[in-house]
Engineer: 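Shown below is the structure under consideration.
Quantities reported herein were computed from a predicted structural model and do not represent experimental measurements. Each residue takes its place number in the sequence, starting with 1.
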Amino acid sequence: MQYRRLGNAGMKVSAVSLGGWINYGEGKVARETAREVVVKAYEEGVNFFDLADIYGNGGAEEQMGAILREFPRHTLVVSTKVFWPMSDDVNDRGLSRKHLMESIDRSLARLRMEYVDIYFCHRADPETPLLETARAMDDLIRRGKVLYWGTSEWSGEQIREVYDLCEHHGLYPPQVEQPQYSMLRRERVETEILPVTEPRGMGLVVWSPLAMGMLTGKYDAAVPQDSRFGREQWAADRFMTEANIERVRRLKPVADELGITRAQLALAWTLRQSGVSSAIIGATSPEQVAGNVPAAEVTLSPDVVAAIETILVG
């Protein structure tokens, strides 16, 4: 496994990390299978595990947290997120000081941990002043409940504004942004986000680097009923186009020439960006973890990157 600094921070995260968005919590992956996935990831060198309070309405934190407690805490980088409504209560949402202070305690209780390494603002909150959010995050860091804080799916301008606000007021600034980034979802990150985060020493930990499975090649011929796209039409609608199907098919000879899978090629392509600290995968089996992790050691030559570019823009 390759480990990368979180931007210019001293802490390092595994280049390939494991997320709990769709696979953990009640009614998701079977508990024993979920445990096998996490254990396999840890054994393969994954140290970064990404969660959110909204995943499974707290269930993902409880389930993955119970498994992660089997490992020494200092060997883990654990993140969770806050923003989305967790109940019908008017204050149980957003990025207000009240919601942040109450939500971190609930997340830590579900995880049964004393702190999280990264606490993400899951979206920007138009109803809360940025300075209120930044000061609350600074307080959480000073209290030792959070080590670093970050943003997720914020615009470049929002990231720039809150970072500069923190610098002006002497507060801990955000250290990381979590955007969607893949071969099939790239323009926003490359033209809007990286130009803001890299100069400020912020790292990116990107989600859906395999375009929800589209880039693995499993949809070359048809949509398996037991697949992500077979279960969730909204996911298929997002990526399942004739143009994307053709792009993924044309990537196969490139991957074959390198002796790797298309999933590994897609992850290595994402990790080629110097501003990307980690690519977060979702896995429903230990075999998927074992198949994806080797991408951390794949280096793409300029010629290969150019060949991929021709396919993607064609």
Side-chain angles (χ1 to χ4, degrees), residues 18-31 34 38 49-69 78-141 143-146 148-155 158-159 161-162 165 174 176-180 205 207-208 212 228 231-238 280 282 284:
L18 182 66
W21 173 24
I22 57 171
N23 299 330
Y24 297 87
E26 198 63 36
K28 305 292 184 177
V29 173
R31 284 187 174 271
V38 175
F49 298 86
D50 179 68
L51 295 160
D53 57 0
I54 195 63
Y55 298 166
N57 199 38
E61 290 176 324
E62 291 180 349
Q63 186 176 356
M64 192 180 284
I67 304 166
L68 292 177
R69 286 195 297 279
V78 179
S79 69
T80 194
K81 308 181 189 72
V82 58
F83 170 76
W84 297 106
M86 291 295 287
S87 72
D88 292 333
D89 186 85
V90 66
N91 284 313
D92 198 12
R93 65 199 65 206
L95 301 178
S96 68
R97 182 178 185 83
K98 176 177 174 61
H99 190 225
L100 293 178
M101 294 295 175
E102 293 173 348
S103 293
I104 189 61
D105 285 341
R106 291 196 291 260
S107 285
L108 292 176
R110 287 189 289 264
L111 290 165
R112 298 187 191 178
M113 294 179 179
E114 296 181 354
Y115 66 92
V116 291
D117 300 272
I118 309 171
Y119 201 30
F120 286 101
C121 295
H122 211 161
R123 292 294 188 275
D125 182 0
E127 297 187 351
T128 301
L130 279 177
L131 186 57
E132 177 179 338
T133 298
R135 280 185 165 147
M137 284 296 196
D138 183 82
D139 283 344
L140 290 178
I141 290 175
R143 295 178 187 182
K145 296 182 179 183
V146 172
Y148 301 92
W149 76 279
T151 56
S152 180
E153 288 295 324
W154 285 34
S155 70
Q158 289 167 334
I159 296 169
E161 184 177 355
V162 75
L165 196 65
V176 56
E177 156 66 13
Q178 185 175 143
Q180 181 178 183
V205 294
W207 63 276
S208 199
M212 299 184 179
R228 176 78 184 278
R231 296 189 304 270
E232 301 177 54
Q233 186 60 45
W234 67 270
D237 291 343
R238 182 174 296 186
I280 304 169
T284 57

Engineer: Rounded to the nearest 0.5 Å, how far apart are CZ of Phe49 and CG of Leu111?
Structural biologist: 12.5 Å
Engineer: Below 4.5 Å, heavy atoms only, C-beta onward: do Tyr55 and Asp50 meet side chain to side chain?
Structural biologist: yes
Engineer: Quick one: CZ on Arg93 to NE2 on His122, what's the gap to the nearest 0.5 Å?
Structural biologist: 15.5 Å
Engineer: Which pairs with one or both residues in residues 125-141 pass salt bridge (Lys or Arg N to Asp or Glu O under 4.0 Å), sequence neighbours excluded?
Structural biologist: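 Passing the test, one end in residues 125-141: Arg97-Asp139, Asp138-Arg142.
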Engineer: Is the shortest side-chain heavy-atom distance between Val205 and Phe120 below 4.5 Å?
Structural biologist: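 Contact flag for Val205/Phe120 side chains = yes.
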Engineer: Would you call Leu140 and Met101 a side-chain contact if the rule is heavy atoms closer than 4.5 Å?
Structural biologist: yes
Engineer: Taking only residues two or more places apart in sequence, or in another chain, which ones meet Ser208 in a side-chain hydrogen bond (donor to acceptor under 3.5 Å, both in side chains)?
Structural biologist: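 By the side-chain hydrogen bond (donor to acceptor under 3.5 Å, both in side chains) rule, Ser208 matches no residue at all.
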Engineer: Under 3.5 Å, which donor-acceptor pairs link side chains of residues 85-92 to any protein atom two or more places apart or in another chain?
Structural biologist:
from  : atom 1 : to     : atom 2 : distance (Å)
Ser87 : OG     : Asp89  : N      : 3.2
Ser87 : OG     : Asp92  : OD2    : 2.7
Asp89 : OD2    : Asn91  : N      : 2.9
Asp92 : OD1    : His99  : NE2    : 3.3
Asp92 : OD1    : Arg106 : NH2    : 2.7
Asp92 : OD2    : Ser87  : N      : 3.3

Engineer: Donor-acceptor check, side chain of Thr133 to backbone of Leu95, threshold 3.5 angstrom: yes or no?
Structural biologist: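 Confirmed, Thr133 side chain pairs with Leu95 backbone.
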Engineer: Quick check: do Ser107 and Val116 have side-chain heavy atoms less than 4.5 Å from each other?
Structural biologist: no
Engineer: Do Cys121 and Lys81 have side-chain heavy atoms sitting under 4.5 Å apart?
Structural biologist: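 With C-beta onward as the side chain, the pair stays apart.
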Engineer: Decide yes or no on side-chain hydrogen bond (donor to acceptor under 3.5 Å, both in side chains) for Thr80 and Glu61, but give the supporting numbers first.
Structural biologist: CA-CA 8 Å; Thr80 194; Glu61 290 176 324; 2.5 Å; yes
Engineer: Would you say Tyr119's side chain and Ile104's backbone share a donor-acceptor pair under 3.5 angstrom?
Structural biologist: yes
Engineer: Distance check, rounded to the nearest 0.5 Å: Arg31 atom CZ versus Gln63 atom CD?
Structural biologist: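 Atom-to-atom, Arg31:CZ and Gln63:CD are 4.5 Å apart.
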Engineer: Would you say the side-chain atoms of Arg112 pair up with the backbone N or O of Glu62, donor to acceptor, closer than 3.5 Å?
Structural biologist: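 It does not hold such a pair.
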Engineer: How long is the gap from OG on Ser155 to CD on Glu161, to the nearest 0.5 Å?
Structural biologist: 8.5 Å
Engineer: Which is it for Gln178 and Ile118 under the side-chain contact (heavy atoms from CB on, under 4.5 Å) test, yes or no, and what are the steps along the way?
Structural biologist: CA-CA 11 Å; Gln178 185 175 143; Ile118 309 171; over 6 Å; no
Engineer: Between CD of Glu114 and NZ of Lys145, what distance do you get to the nearest 0.5 Å?
Structural biologist: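 Atom-to-atom, Glu114:CD and Lys145:NZ are 11.5 Å apart.
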Engineer: Do Tyr148 and Met137 touch side chain to side chain, with heavy atoms closer than 4.5 Å?
Structural biologist: no
Engineer: Grab the two heavy atoms, one from Ser96 and one from Thr128, that are nearest each other, plus how far apart they are.
Structural biologist: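 Closest heavy-atom pair between Ser96 and Thr128: N-OG1, 3.6 Å.
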Engineer: Using a 3.5 Å distance criterion without hydrogens, assess whether the side chain of Trp21 forms a donor-acceptor pair with backbone atoms of Leu51.
Structural biologist: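 Flag not set: sc Trp21 to bb Leu51 has no pair under 3.5 Å.
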Engineer: How long is the gap from CD on Glu153 to CD on Gln158, to the nearest 0.5 Å?
Structural biologist: 10.5 Å
